[in-house]
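Only one structure is covered here, and it is reproduced in the block below.
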Amino acid sequence: MLLAAALPSAAQPAAVEPAWILERLARPAPVSTPFVELRGSAMLKAPLRIQGEYARPDDDTLVRRVLAPYAETTTIRQGEATIAREGRRPRTFPLSRAPELAGLQASFGALLAGDADALARDYRVAASGSREDWTLVMQPRDAALAASVRDITLRGRGAELRCIETRPVEGELQRTLLAGAARSAVEAGAAADDEALCREPGAAAR
């Protein structure tokens with residue numbers, strides 16, 4: 001018993017730090033990843049399920065392309081957002097009018113760029129878990145974003161970011177599945193357990 005207690009904890013999962021996560025998530029442009037977003041509302045019997053793709057065609061541009069249940073493309077570049085929906089004229093406006101989109105660019109753009117300094121400027125960042133099943137919680141520093149978003153929780157496994165959970169100041173939690181988790185959700189359709197795909201270690205990889 002004493003011998004067993006004295007053995008090194010080599011089998012224990014390695015602790016995780018924010019810098020380690022950001023280094024693994026960095027992807028040079030151009031890069032894209034599928035997503036499935038669940039939007040809850042008291043007015044809906046079931047969460048609205050949105051499927052699409054995030055893309056970073058270059059270092060200064062972030063694109064959110066919705067493919068279903070409608071077609072819409074949001075392009076964020078140089079402090080502005082342009083929203084184009086089929087059958088309508090594109091709308092362009094400054095990000096200062098849309099703190100959620102500004103937060104999306106600051107967080108997702110910094111993650112894909114692996115820019116820890118940029119992320120730290122915009123958010124208070126804390127990591128927990130292990131390298132095999134980690135969580136990164138980001139609390140916005142910007143007052144405009146903090147007025148609408150309490151925090152953003154990223155969940156992943158190794159180099160895979162499989163889920164983003166955004167907790168608003170008002171309203172229900174918004175969950176976005178990415179990469180392998182999004183592909184699994186699309187394959188399963190209405191039978192997909194989105195919370196399990198988001199939170200269960202390795203669910204996105206199976």
Side-chain angles (χ1 to χ4, degrees), residues 13-18 20-22 24-25 27 31-55 62 64-70 72 74 99-101 103-112 119 123-140 145-146 148-206:
V16 67
E17 297 291 336
W20 185 92
I21 295 174
L22 293 175
R24 297 307 183 281
L25 294 184
R27 301 287 189 275
V31 64
S32 63
T33 183
F35 75 83
V36 173
E37 182 180 297
L38 293 308
R39 290 187 180 179
S41 170
M43 300 176 64
L44 299 174
K45 292 183 179 180
L48 178 63
R49 189 183 184 90
I50 300 172
Q51 297 179 22
E53 176 187 68
Y54 280 113
L62 182 64
R64 180 181 182 272
R65 188 174 296 111
V66 176
L67 304 176
Y70 54 86
E72 180 182 89
T74 301
E100 294 85 357
L101 291 179
L104 174 65
Q105 182 190 41
S107 58
F108 209 68
L111 288 170
L112 292 177
L119 201 65
Y123 295 91
R124 298 178 182 86
V125 182
S128 61
S130 68
R131 295 181 176 183
E132 292 73 28
D133 180 28
W134 51 261
T135 299
L136 189 72
V137 178
M138 307 188 306
Q139 294 180 311
L145 182 57
S148 59
V149 176
R150 292 184 187 276
D151 54 51
I152 302 171
T153 300
L154 280 62
R155 301 181 186 278
R157 177 182 175 88
E160 182 182 46
L161 171 60
R162 66 175 182 265
C163 180
I164 299 176
E165 293 178 321
T166 302
R167 190 162 60 109
V169 172
E170 297 182 358
E172 300 184 22
L173 179 144
Q174 178 179 304
R175 181 175 292 119
T176 301
L177 304 177
L178 298 164
R183 287 188 287 270
S184 295
V186 171
E187 291 174 3
D193 187 334
D194 300 305
E195 184 172 359
L197 287 171
C198 175
R199 294 170 175 261
E200 181 184 351
R206 290 201 294 271

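Just so you know, residue 1 is the first one in the sequence shown, and it goes up from there.
- Remark: Arg49 engages Asp194 in a side chain to side chain donor-acceptor pair (under 3.5 Å) (not counting sequence neighbours).
- By the 4.5 Å heavy-atom criterion applied to side chains, Ser130 and Val16 are not counted as neighbours.
- For Val66, the side-chain contact (heavy atoms from CB on, under 4.5 Å) partners are Phe35, Ile50, Arg64, Tyr70, Glu72, not counting sequence neighbours.
- For the atom pair Thr176 OG1 and Gln174 CD, the distance stands at 5.0 Å (nearest 0.5 Å).
- For the pair Pro168/Arg150, no side-chain contact is recorded, criterion being any heavy-atom separation below 4.5 Å from C-beta on.
- Considering only heavy atoms from C-beta on, Arg162 stays 4.5 Å or farther from Cys198 through its side chain.
- Remark: Ala188 engages Ala192 in a side-chain contact (heavy atoms from CB on, under 4.5 Å) (not counting sequence neighbours).
- Two residues are said to be in side-chain contact when any heavy atoms from C-beta on lie closer than 4.5 Å; Glu37 and Arg175 fail this criterion.
- Remark: Ser32 engages Glu53, Ala55 in a side-chain contact (heavy atoms from CB on, under 4.5 Å) (not counting sequence neighbours).
- By the salt bridge (charged side-chain N to carboxylate O under 4.0 Å, His left out) test, Asp193 pairs with no residue at all, sequence neighbours left out.
- For Gln51, there are no side chain to side chain donor-acceptor pair (under 3.5 Å) partners, not counting sequence neighbours.
- Within the 4.5 Å cutoff, side-chain heavy atoms of Val149 are placed close to those of Thr166.
- The salt bridge (charged side-chain N to carboxylate O under 4.0 Å, His left out) test applied to Arg167 returns Asp151, not counting sequence neighbours.
- Two residues are said to be in side-chain contact when any heavy atoms from C-beta on lie closer than 4.5 Å; Pro34 and Arg183 meet this criterion.
- Taking CD1 of Ile164 as the reference point, atom CD1 of Ile152 lies at 7.5 Å (rounded to 0.5 Å).
- Val125 is linked by a side-chain contact (heavy atoms from CB on, under 4.5 Å) to Pro18, Leu119, Tyr123, Leu136, Met138, counting only residues two or more places apart in sequence or in another chain.
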